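So the structure is just underneath, and the comments pick up after that.
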Amino acid sequence: MSEVQQLTYGLIVTLVGMGIVFLVLIGLSYMLDALKLLSNRGAAEKKAEAVKVERVEEPVEEPAEVVNVPEEDEGELVAVISAALAAFMGSSSNVVIKSINRVEGNTPVWAKVGRQEQMYNRF
Amino acid sequence: MSEVQQLTYGLIVTLVGMGIVFLVLIGLSYMLDALKLLSNRGAAEKKAEAVKVERVEEPVEEPAEVVNVPEEDEGELVAVISAALAAFMGSSSNVVIKSINRVEGNTPVWAKVGRQEQMYNRF
Amino acid sequence: MSEVQQLTYGLIVTLVGMGIVFLVLIGLSYMLDALKLLSNRGAAEKKAEAVKVERVEEPVEEPAEVVNVPEEDEGELVAVISAALAAFMGSSSNVVIKSINRVEGNTPVWAKVGRQEQMYNRF
Amino acid sequence: MSLTQSILEFFNSMGFSAMTWQEAVMIGISFVLIYLALKKGFEPLLLLPIAFGMLLANLPLAGLNAEPIYQIVVDPVTGEHVHEMVDAGGLLYWLYRGVKLGIYPPLIFLGVGAMTDFGPLIANPRSILLGAAAQFGIFTTFIGALLLNFIPGITFTVPEAASIGIIGGADGPTAIYLTAKLAPHLLGPIAVAAYSYMALVPLIQPPIMKALTTKEERQIVMEQLRPVSKVERIVFPIMVTTVVSLVLPSAAALVGMLMLGNLLREATTMQSTLNRLMKTASGELMNIVVIFLGTTVGATAKGEIFLSPKTLAIIALGLIAFSIGTGTGVIFGKIMCKLTGGKVNPLIGSAGVSAVPMAARVSQKVGQEANPSNFLLMHAMGPNVAGVIGSAVAAGVLLSMCSL
Amino acid sequence: MSLTQSILEFFNSMGFSAMTWQEAVMIGISFVLIYLALKKGFEPLLLLPIAFGMLLANLPLAGLNAEPIYQIVVDPVTGEHVHEMVDAGGLLYWLYRGVKLGIYPPLIFLGVGAMTDFGPLIANPRSILLGAAAQFGIFTTFIGALLLNFIPGITFTVPEAASIGIIGGADGPTAIYLTAKLAPHLLGPIAVAAYSYMALVPLIQPPIMKALTTKEERQIVMEQLRPVSKVERIVFPIMVTTVVSLVLPSAAALVGMLMLGNLLREATTMQSTLNRLMKTASGELMNIVVIFLGTTVGATAKGEIFLSPKTLAIIALGLIAFSIGTGTGVIFGKIMCKLTGGKVNPLIGSAGVSAVPMAARVSQKVGQEANPSNFLLMHAMGPNVAGVIGSAVAAGVLLSMCSL
Amino acid sequence: MSLTQSILEFFNSMGFSAMTWQEAVMIGISFVLIYLALKKGFEPLLLLPIAFGMLLANLPLAGLNAEPIYQIVVDPVTGEHVHEMVDAGGLLYWLYRGVKLGIYPPLIFLGVGAMTDFGPLIANPRSILLGAAAQFGIFTTFIGALLLNFIPGITFTVPEAASIGIIGGADGPTAIYLTAKLAPHLLGPIAVAAYSYMALVPLIQPPIMKALTTKEERQIVMEQLRPVSKVERIVFPIMVTTVVSLVLPSAAALVGMLMLGNLLREATTMQSTLNRLMKTASGELMNIVVIFLGTTVGATAKGEIFLSPKTLAIIALGLIAFSIGTGTGVIFGKIMCKLTGGKVNPLIGSAGVSAVPMAARVSQKVGQEANPSNFLLMHAMGPNVAGVIGSAVAAGVLLSMCSL
Ligand code: NA
Ligand code: NA
Ligand code: NA
């Protein structure tokens with residue numbers, strides 16, 4: 001192609017290109033408006049979930065450690081748990097970590113497997 | 001193959017297949033009985049090891065952090081150590097983390113390299 | 001090649017090889033002497049940086065957690081922060097973790113994005 | 001080239017214009033699967049990537065599955081014939097190589113092994129038989145698929161039937177591994193069916209378990225499992241690898257990796273440096289593979305194939321597979337109950353279908369309904385993990401006898 | 001073979017002897033880039049690997065980019081023709097496959113998506129238009145490159161011009177993805193220019209922003225963004241993938257992976273098990289890809305090509321691209337300001353060039369200079385992330401219209 | 001096909017039936033290696049995967065190393081000739097590609113570099129010479145192997161001899177990298193020998209060290225090392241890469257990656273964002289590569305090759321290599337002791353064989369036996385890390401002079 005041809009083609013590309021860019025993004029922006037309508041129902045559900053999630057997470061995250069890692073890491077676990085505890089009380093009250101019990105120690109087996117589930121049934 | 005041929009072959013596969021499945025798993029189940037005999041000697045060793053491992057781990061896990069990571073992570077390290085400490089005392093006694101010394105600070109060089117070894121000689 | 005030819009070639013390789021090894025490593029060892037001259041200027045800069053780095057890191061590492069991970073991990077974050085705190089005071093004074101505030105809670109938005117930057121503008 | 005002309009050309013290159021009704025339907029299905037994965041918690045870890053891959057693969061003209069195109073040209077300089085890449089192919093084509101070449105499933109098994117505690121199995125070797133019994137589900141479904149051939153309109157080849165049967169293994173990686181080798185065109189529906197039914201185990205199994213057992217049987221309390229020594233735990237994976245592979249070489253890849261992972265896990269008690277390998281195998285490496293495997297397996301579900309009576313047949317057969325596997329497991333449990341003079345609770349038999357550890361949880365739950373003080377979980381974990389080995393062995397047999 | 005002879009031979013195989021002046025210069029340039037990355041903080045995460053790759057690629061005879069050499073031989077046993085590897089090729093050749101085949105950039109986008117919060121965009125859908133406006137920079141630069149063809153001595157093909165234009169997208173992975181497909185020989189200079197200018201955004205943008213706005217406009221305080229619901233956050237990535245890919249199939253790989261990552265991120269609120277995938281996508285997987293991508297992209301910068309007037313042209317054009325993108329973004333901001341009756345602060349328009357989140361920070365800073373109580377950051381994040389989508393779309397157009 | 005017939009067929013496809021005595025022996029050897037790795041702590045991180053790979057590779061008919069089989073067919077539609085995969089090949093064949101193509105060892109070096117502190121070397125540049133002296137072990141063993149050719153029945157080609165010599169480098173990745181290029185069929189025995197002897201360093205070195213030094217020499221206390229500045233630490237890896245690669249292009253891959261890793265490590269002090277790359281390089285990426293490399297290197301050890309007098313010769317020569325390397329290191333230490341007027345303790349010379357950091361620990365231990373207040377460790381780390389560079393350079397020479 002000659003320089004001129006290239007240039008004209010370039011201008012075409014530019015027109016089409018910016019056209020598509022705006023077409024797509026304007027389209028998205030209006031769809032987002034539509035989506036907002038969902039958000040009202042969504043908002044309601046959200047709270048419910050929010051709670052549900054909290055419930056789920058506790059057993060989920062921690063055991064991922066417990067089951068995966070050998071004893072020497074349990075300490076780390078406890079650090080996390082104890083401080084996680086602190087985190088959720090902390091903002092309001094004062095915390096002095098008084099006694100930390102080994103998680104393994106006082107964990108009923110069913111809980112232990114409850115945790116295993118969290119990992120296993122992912123695969 | 002005709003439907004009938006396929007089916008008959010399928011039946012053969014089924015017979016052979018379930019045969020093998022049982023053969024293998026029954027075999028394993030008896031070998032596990034045999035293995036249990038080892039477990040008596042094993043049990044003895046186990047305790048010995050259990051202790052040995054404890055010994056090894058202390059230097060192993062922590063330094064993996066110490067040597068690998070820059071200062072700002074040392075805090076994390078301390079958190080883990082301190083709580084790990086808590087973990088192994090915790091179940092029996094009360095813990096109040098009184099003072100935490102920077103690990104780098106009071107670590108004799110030889111210990112530091114002792115730690116490096118834990119990582120290096122893996123490769 | 002006959003055994004003899006192989007052997008003679010081997011001797012040549014040995015001569016060249018050890019020659020190169022020494023050539024390169026001796027070369028490096030003298031360049032390191034030259035490099036030491038830089039170190040004087042380097043040393044000066046070093047301190048300055050050392051401080052700068054400290055500054056940077058605080059916002060850098062923590063948010064990497066904050067922004068990436070959902071609520072339940074915030075505890076871990078706090079554990080790290082609180083202990084990191086301990087780490088940098090610890091060696092001198094006694095620490096009793098009194099109250100830990102949720103990081104999200106009292107973080108001004110600008111800080112939050114300041115953190116996001118730390119991650120985003122890496123790609 | 002004029003403006004209007006090239007604009008026209010461009011609009012023809014747009015997805016809308018080329019969209020087929022199958023693609024539209026498939027995109028809809030992918031939305032449903034995403035909903036099930038997120039809202040209903042259907043194995044989200046795999047179904048979400050699978051569903052998203054399904055979405056990407058059915059976007060017209062996106063060509064994410066496109067094969068690379070090479071041409072053989074004569075090197076102007078050397079005059080030699082050389083390969084030259086004309087088109088690089090699509091992203092998902094390349095990520096899919098790991099499925100096609102049978103690499104991802106064994107790597108996932110490596111991670112699963114590093115997460116699995118075979119202790120309950122070692123403590124109670126007999127429970128392993130229940131893991132064998134539950135594999136009847138695989139083969140009866142295999143037969144079932146071949147029977148459907150007598151219905152005009154449906155034809156399943158032997159390899160296809162084998163791939164469908166493996167759904168009864170209730171084990172994702174095994175199903176994907178086998179199907180990728182025997183009937184790759186069915187990967188989509190089979191993977192979806194396998195993971196969906198695994199998510200539905202708590203609904204599918206209980207009625208069958210109750211129908212096949214008496215209240216007395218369900219109330220049986222089993223005695224505490226013995227502790228397992230470190231040596232047993234370490235020898236076990238080596239033993240299993242050797243024995244299974246010697247009998248069934250075709251199962252070596254799956255079982256071998258599963259056991260390597262488990263060996264890394266158990267060996268950390270002796271050499272703690274191995275901890276870092278165990279963590280990577282069950283952590284980052286596994287996650288990376290799961291993302292790639294899920295997305296690309298989902299991307300094999302093109303409308304033309306997925307939207308056929310076959311898929312409906314697969315879904316129906318999959319349900320049968322799970323049900324029969326559960327049933328035969330429980331029945332074997334009853335037999336062992338008799339033989340041991342009532343020491344074995346038949347409910348642990350249903351755990352033999354693997355679907356670790358949900359099936360074991362179901363045994364626990366049903367058992368506790370019958371007798372609140374009953375605690376079957378750890379006993380059910382034995383057949384449960386045995387089921388994983390069992391279905392890998394079954395897959396090996398199907399692989400060596402049904403690949404044409 | 002005599003000693004002296006083989007020593008001579010060996011010395012001829014040494015790097016010094018074969019060194020060209022271009023290689024020497026390139027090595028020097030790589031040192032400068034390392035300095036800029038470490039001392040001046042120029043996008044160190046990518047510029048450091050890029051610079052080091054540049055160093056490795058210009059070491060004479062090291063052959064780290066060497067292609068493997070195969071020969072077709074007749075198997076003595078079977079008599080079949082078989083491929084046989086004569087030379088394994090260089091390390092960087094193999095790691096570069098991920099760039100060449102268009103795998104790495106989408107994987108980086110997967111991680112970016114897992115780290116990106118599209119909330120501000122969802123909360124203020126109109127701001128998305130500013131992300132579109134800023135893409136003018138890409139196309140004007142594209143035209144600019146074609147105009148340079150009229151200068152004797154410089155010739156840019158259409159694909160080359162397109163690759164240069166994309167620098168204006170201020171988005172590394174997009175630039176690398178497009179250039180690897182359209183003009184791989186320019187990867188080095190384009191990647192360096194793209195990342196360098198992203199690092200220079202805080203210097204390039206403010207003067208332009210101030211020149212185009214009045215103090216009154218800069219002082220405009222925008223109202224607080226509305227909170228965004230979980231549902232919106234989860235539907236968003238699915239919607240964007242579908243819409244963009246249906247309009248522009250060629251953008252599916254980039255946008256699809258970006259949105260898969262974002263879906264993993266937002267879905268963790270519903271299924272926390274997905275957390276592990278999200279962490280891996282935005283963590284280890286991304287880091288691995290960044291190391292490989294950076295090093296190998298840098299390694300494409302061989303002296304013969306890099307040290308040409310073209311590179312200077314690319315650097316000049318890249319600066320123009322950023323400036324125009326900033327300008328058009330601000331101008332569109334002014335228009336929206338008018339239309340909304342002064343509710344929009346034009347300064348957020350400049351954030352549309354992406355370069356997340358630095359461009360947004362610049363808007364914030366300039367806004368606060370004009371009015372200390374002004375807080376534009378979250379409002380600027382909207383156009384900012386929209387710019388990422390915008391430049392991916394633009395890349396899609398260029399890919400489908402400029403690949404020959 | 002009748003039942004009995006197909007059962008017979010199946011039993012013939014079982015491993016037992018096809019088992020050779022070599023395979024049986026190799027499986028036995030793999031068990032021994034697992035025992036050594038776990039019970040005796042022989043480099044478990046690599047010997048365990050290697051041993052397990054050995055096990056998998058010698059399971060008859062498992063075909064985990066099987067090459068893929070393609071056939072060239074004529075596309076019915078287009079009439080073009082196209083490759084078509086007949087058999088996907090084995091899992092370990094594909095994972096082994098990373099060794100075959102020379103990708104894994106440099107990646108491990110990337111991680112090693114990210115973990116290595118070259119401070120002691122920079123602080124005491126002369127100590128680098130001890131790292132050079134210890135490489136005599138490599139070449140004398142190389143000669144030794146060629147001398148064995150005069151013994152009837154044993155024949156080592158020059159490349160084989162070079163691969164055996166590199167065992168004396170006491171550096172796993174370097175040995176594997178070189179052997180994979182020069183004599184891949186010997187990878188198994190050479191890797192096993194290299195890692196076993198590294199584990200045995202504390203037993204092999206002390207007697208030699210004591211035999212070659214006087215008590216007075218061993219008692220020498222060396223003065224404290226100077227602190228090393230940040231700039232030196234950052235310039236060092238760049239300098240080493242450039243110098244070594246310019247002299248010896250063939251060492252660029254190993255040294256380049258080692259130093260890139262080290263640069264990432266040291267640069268984090270200036271740009272902390274690099275921390276994430278450093279952590280990945282020395283963490284997850286390395287672990288993934290170690291799993292793949294170990295397993296597949298072990299899998300190259302097929303009985304036919306492994307169970308030959310060559311292996312015994314390799315084991316014997318490996319021991320010689322370590323011993324001579326230790327010896328020459330110490331002797332050079334004595335020379336430096338003389339030249340410096342007794343400022344250098346000869347014991348640090350033995351650390352030059354690399355085997356980081358065990359060799360350095362041995363120097364420390366032996367030194368302290370002679371003089372409890374003696375503390376040589378940090379001084380020994382200098383030659384120790386220098387030894388890594390030294391053996392990489394030696395490998396480069398062997399690669400460029402011995403590859404046929
Ligand atoms: Na199963
Ligand atoms: Na952009
Ligand atoms: Na060495």
Side-chain angles (χ1 to χ4, degrees), chain A residues 1-50 52-62 64 68 117-123, chain E residues 121-133 135-136 138-140 142-143 145-147 149-150 155-158 161-162 165 226-236 239-240 243-244 247-248 251 268-276 386 389-391 393-394 396-398 401-402:
Chain A
M1 289 199 281
S2 74
E3 285 80 357
V4 181
Q5 284 172 309
Q6 288 184 324
L7 189 60
T8 44
Y9 185 65
L11 290 166
I12 293 171
V13 172
T14 304
L15 282 172
V16 177
M18 286 311 297
I20 298 294
V21 170
F22 272 99
L23 185 82
V24 170
L25 293 194
I26 291 176
L28 281 176
S29 104
Y30 281 108
M31 290 183 181
L32 284 175
D33 295 340
L35 183 55
K36 203 189 299 180
L37 303 178
L38 282 170
S39 94
N40 304 339
R41 264 202 285 92
E45 292 174 13
K46 205 169 126 213
K47 308 209 171 342
E49 280 153 16
K52 195 186 99 277
V53 173
E54 234 55 279
R55 294 260 165 290
V56 181
E57 276 153 1
E58 292 300 342
V60 173
E61 281 317 311
E62 297 159 9
N68 265 353
E117 166 151 8
Q118 300 305 342
M119 305 180 333
Y120 283 101
N121 65 10
R122 296 168 174 176
F123 302 102
Chain E
L121 179 68
I122 300 169
N124 180 7
R126 288 301 157 275
S127 68
I128 208 172
L129 298 186
L130 298 167
Q135 308 312 320
F136 270 114
I138 293 175
F139 291 97
T140 36
F142 169 60
I143 296 296
L146 294 175
L147 280 170
N149 284 340
F150 292 96
T155 30
F156 285 118
T157 65
V158 172
R226 70 171 180 87
V228 175
S229 78
K230 194 171 287 154
V231 176
E232 287 175 289
R233 291 176 169 282
I234 289 173
V235 174
F236 178 76
M239 191 176 82
V240 172
V243 174
V244 173
V247 176
L248 205 65
T268 45
T269 55
M270 298 186 76
Q271 295 294 334
S272 53
T273 65
L274 290 169
N275 189 29
R276 56 183 293 166
I389 301 173
S391 40
V393 171
V397 175
L398 293 171
M401 289 185 80
C402 299

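What you see is a predicted model; the values in this text were computed from it and never measured. In what follows, every chain begins at residue 1, and chains take the letters A, B, ... in the order their sequences are listed. Below, all heavy atoms of this structure are taken into account, side chains as well, without hydrogens, waters or symmetry copies.
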Which pair of heavy atoms, one from A/Gln6 and one from E/Leu146, lies closest together, and at what distance? O-CD1, 3.6 Å
About how many Å separate CG of E/Leu147 and CD of A/Glu3, when rounded to the nearest 0.5 Å? 11.0 Å
Applying side chain to side chain donor-acceptor pair (under 3.5 Å) to A/Ser29 and not counting sequence neighbours gives E/Arg126
Side chain, backbone, both or neither: which part of E/Leu398 has a heavy atom under 4.5 Å from chain A? side chain
Give the minimum heavy-atom separation between A/Leu32 and E/Leu121, together with the two atoms involved. CD1-O, 4.1 Å
Shortest non-hydrogen contact between E/Pro125 and A/Asp33, atoms and distance: CG-OD1, 3.3 Å
Heavy-atom cut-off 4.5 Å, strictly under: side chain, backbone, both or neither for E/Phe236 against chain A? both
Among A/Val16, A/Leu23, A/Val13, residue most engaged with chain E (heavy-atom pairs, under 4.5 Å): A/Val13
Which pairs with one or both residues in residues 12-27 of chain A pass side chain to side chain donor-acceptor pair (under 3.5 Å), sequence neighbours excluded? none
Heavy-atom proximity to chain A below 4.5 Å, by part of E/Val243: side chain
Given that the side chain runs from C-beta out, which part of E/Ala133 has a heavy atom under 4.5 Å from chain A: side chain, backbone, both or neither? both
I'd like to verify something: which residue of E/Asn124, E/Thr157, E/Val397, E/Leu248 has the highest number of heavy-atom pairs under 4.5 Å with chain A? E/Val397
Nearest-0.5 Å distance that lies between atom CZ in E/Arg233 and atom CG in A/Leu35: 11.5 Å
Of A/Ile26, A/Leu28, A/Ile20, A/Leu11, the largest count of non-hydrogen pairs under 4.5 angstrom with chain E goes to A/Leu28
Looking only at E/Val247, E/Val393, E/Ile143, the option with the highest number of non-hydrogen pairs under 4.5 Å against chain A is E/Ile143
What heavy-atom pair brings E/Gly131 and A/Leu25 nearest, and what distance separates the two atoms? C-CD1, 4.1 Å
